Amino acid sequence: MQDKYLPADIERAAQQHWDSTEAFRVHADASRPKYYCLSMFPYPSGKLHMGHVRNYTIGDVLSRFHKMKGFNVLQPMGWDAFGLPAENAAIKNRVPPAKWTYDNIDYMKQQLKSLGFAIDWRRELATCTPEYYKWNQWIFLRMLEKGIAERKTQVVNWDPVDQTVLANEQVIDGRGWRTGALVEKREIPGYYLKITDYADELLGDLDELTGWPERVKLMQANWIGKSTGVRFAFQHDIAGDDGQPINDGKLWVFTTRADTIMGVTFCAVAAEHPLALHAAKGNAELAAFIEKCKHGSVMEADMATMEKEGLPTGLFVTHPLTGKQVEVWVGNYVLMSYGDGAVMGVPAHDERDFAFAKKYDLPIEQVVAVGDKAYSLDAWQEWYGSKDGVCVNSGKYDGLGYDAAVDAIATDLAAQGIGEKKVQWRLRDWGISRQRYWGCPIPIIHCDSCGSVPVPDDQLPVVLPEDCVPDGSGNPLHKREDFLNVACPCCGKPARRETDTMDTFVDSSWYYARYATTFGKDKMVDDETGYWMTVDQYIGGIEHAILHLLYSRFWTKVMRDLGLVSYREPFAHLLTQGMVLNNAFFHKPEGGGKNYYWESEIDIQKDAKGQITGARLKQDGTVLEHELTTMSKSKNNGVDPQSLIEQYGADTARFFMMFAAPPEQTLEWSDAGVEGAYRFLRRVWSFGHLFASEIRGQIGAQRQLTGAKLPEDLAAFRREIHLLLKQANYDLGKQQFNTVASATMKMLNALEKAPRQGALAAEVIEECFGILLRVLSPLTPHISHALWSGLGYGEDILKAAWPEPLDAALAQDEIELMLQVNGKLRGALRVPAEAAKDAIEAAALAHEATIKFLEGRPAKKVVVVPGRLVNIVG
RNA sequence: GCCCGGAUGGUGAAAUUGGUAAACACAGCGGACUUAAAAUCCGCCGGCGCAAGCCUUACGGGUUCAAGUCCCGUUCCGGGCACCA
């Protein structure tokens, strides 16, 4: 055996061994329990980043652990290969997104292989291949048939200079990222999937997901946002151009606070609302305001933080219960796409309405009282919005609480035929149309005679041309006559293909099911999915806690309703890995945006505690700002794991990643500490060498360890290792891998200090080092493989059984209890392991520390926590 | 703004889920070995105090024999907010 630890050699040999034995190739096998371990697949952005290393190491630790536990383990890998960055790279480098993407996949695949992950590479897939996205198109057509997919209008960010639709990410401070032009909102047609039809089930089935973190379920529940309220109408006789009352003379609104209806002092409608457009005709100021509302972001965060503005329309509607006239305002904070595009204004009991009313001097009328608290118009107070009060100044409803008031008011509105209780969801339907090239083509043909016609199944897939190079001025498919021109499947006349592509969330909504098939060309999923699904353990970033996971759950339910699968939830257990953060350095140029710089381009000043106090660009001394944020290509703050692997080897990179923090916690990147992991693995190797050269030879032909009475120091050492094993197994169950790593370090510390003379000692060390190698193997599979086979423990550590602690090794005669007096630690107490409570109390009361700190007072109470401590209160 | 998390030594973190706060490491300091350096090994390492001891888990309250852990309030940091993936 080599006496020096040479990771490059060891890792190459181990990986070759796994390749040649096809160690990770798996098949459905009904005779064995299965474990489907899935990590979120990477976007092929160029090279792996630390988040990937963290994610896939967690998956690999779990996969290898379960394999040694006897499970049939499937761990696949693939590529989420469509998306915007490929187009951005194309604009920058004039390379087709397809070439850029496939090159990146080749490179990143080599990186993944060099990390030694136990992946069944025969199941690799890339979502940008026609074999895969054909099934996006096929199931989309099924959804159209069933009415789950439909065409309607959507609001998008429009860049008036580039004449193109912008992603939210491409809108910076309200301006287009390339042109700097003020972005406009524009309504265009697009396809929607009716996820809202599944809202009830998506919410209800969260209860079944016992293997999901509570916080993720909570986030999903809040996102779906079920609220029960009342939808009702203010009546009016405002006539439109056709002489008829607009919307049948009804202004519909939805509210969850019907109990405050008697406090309505105005109504607010969206800028696109028919009443707003009508009023604007004779009102230049209002028309200008509506025009202004068209600018700005469509993002909810921007909507919520922007200055609330409004303008009166001069139109009035009738309050349905008081008969009073209520003025209609246009508000920039009212969204046409939510509910009916109009809200009632109750400034006394809604914080946003309160601010609006104060700003425009609208009346504020208190209609709910909480206790005898005094209502003041000076400033908003928390209790104004409370549901715990009773109605006041509300006529017949006075004295009613929230529930009773809502019921009574809903009943009265229903009697007039202008209102009813209604369940409202916050969840909106999923718009999947993207006006972008590098995505899955939507399989629709537009014909002047027949309208929008689905592509017949036998013409699928609609193949995306792979040689286009976007230039930022719009979808290059518009210039591809060979793609555009097609005969109408209905009438045969010349027609045009749809050029919109699908949201990339479509691709990632079902890839886990495809991995679990035999990749047949004639079926989306085949019978093998029945064996592997559902996914036993899904691992990925917390940033996907809502959208990706919700869409995947929705997609599974649609597939079930189409008879394709029999399960209703895709992921049984979910581990949401924390983000890997790093400092990003930038300066804000005029005209908005942020220019990011690599750490190698700047000088950083730090204070005595190592906190960053400032940064300057090396080149010209420009003062930079910094923020702690996720590692990302666009922020130039990613750390390439490649140099880590090359310098120290995959095992060091993996071990350090697992040791640095528990999986669910955010990890602030730092280079320090990697050396420590490397040092540890070198020590493991050296101990292996020592064992081979000096210890193993002492073991006799007849083994003596079983049943032997060990000398005290040897028994203590063996007990320590088995205790650490017990702890490591417990922590593996909790998926807390950082303490598993530290347990292996403690084991090595103990091994190095253990008695090593004599046959018995050599046998104990053999047993304990064997435990260490197996506990270490999911974390650092290469060195574990090399030592296991090199030291003659067995042929292949993958086939070794997972170790369990032995009761005989754990047993002890005496235990130590902590002694507290009045809750403060004052000493320790050694008692027999089986000591009775009375005996412990007596020993504690007689202890010198008790006598000293009670200072003569009698003990009022003695608390004994078995196996832990005694607390004497006096 | 709304929803969800987090905060413990110089640093990453641990604490058997209410029971010895700081395990295991990193960095630092001191020592051994060496002509020297690297590597390796040994020791010290939250604050105050000569000591007995006292204080310390972002901040302010509370519950308890006992609180990093539970409850109430505050601050700061991170994630998501529907076209980044």
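Keep in mind that the numbers below use all heavy atoms, side chains included, and drop hydrogens, waters and symmetry copies. First the proteins, then the strands, lettered A, B, ... as listed; each starts at 1. Here the structure is a predicted model, which means the values were calculated and not measured.
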How would you label the contact of [X] with the nucleic acid (heavy atoms, under 4.0 Å): base, sugar-phosphate, or nothing?
X       : value
A660(A) : sugar-phosphate
Q154(A) : base
K824(A) : sugar-phosphate
M299(A) : sugar-phosphate
S433(A) : base
M818(A) : base
P662(A) : sugar-phosphate

Check: Y678(A) versus F655(A): any side-chain heavy-atom pair under 4.5 Å?
Finding: no
Item checked: Minimum-distance nucleotide to N222(A) side chain [options: rG80(B), rU16(B), rC3(B)] -> rC3(B)
Notebook entry, point to check: Looking at Y133(A), Y551(A), Y132(A), which one forms a ring pair (Phe, Tyr, Trp, His ring centres under 6.0 Å) with W510(A)?
Noted result: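 Per the ring pair (Phe, Tyr, Trp, His ring centres under 6.0 Å) rule, the option paired with W510(A) is Y132(A), out of Y133(A), Y551(A), Y132(A).
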Watson-Crick/G-U partner (both atom distances under 3.5 Å) of [N]:
N       : answer
rU74(B) : rA58(B)
rC50(B) : none
rC81(B) : rG1(B)
rC26(B) : rG10(B)
rG68(B) : none

Check: Separation of L825(A) atom CG from rG19(B) atom C1', in whole Å?
Finding: 11 Å
Residue-phosphate contact under 4.0 Å: [X] side-chain N/O, [N] OP1/OP2:
X       : N       : answer
R682(A) : rU40(B) : yes
K852(A) : rG53(B) : yes
Q727(A) : rU16(B) : no
T629(A) : rG79(B) : yes
N738(A) : rG12(B) : no
S742(A) : rA23(B) : no
R679(A) : rC26(B) : yes
Q220(A) : rC81(B) : no

Margin query: Looking at the base of rU16(B), is there any donor atom on it, or on the side chain of R868(A), that sits under 3.5 Å from an acceptor on the other one?
Written below: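 In this structure, the two groups form a donor-acceptor pair.
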Next item on the list: Would you state whether a donor and an acceptor, one from the side chain of N871(A) and one from the base of rC65(B), lie under 3.5 Å apart?
Entry: yes
Margin query: Against F82(A), only a single residue in P97(A), C128(A), S508(A) fulfils side chain to side chain contact (heavy atoms under 4.5 Å, CB included); can you say which?
Written below: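 Single pass found, and it is C128(A).
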Check: When the nearest nucleotide of RNA chain B is assigned to V674(A) and to T504(A) on a heavy-atom basis, which residue is associated with the more 5' position?
Finding: V674(A)
Check: In this structure, are over 12 heavy atoms from other groups packed under 6.0 Å from Q163(A) atom CD?
Finding: yes
Check: Got a sec: does the NZ of K217(A) have more than 12 other heavy atoms crowding it under 6.0 Å?
Finding: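 Yes - once you tally the heavy atoms of other residues, nucleotides and ligands closer than 6.0 Å, there are more than 12.
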Check: Any side-chain donor paired with an acceptor under 3.5 Å for D731(A) and Q727(A)?
Finding: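 There is such a pair between these side chains.
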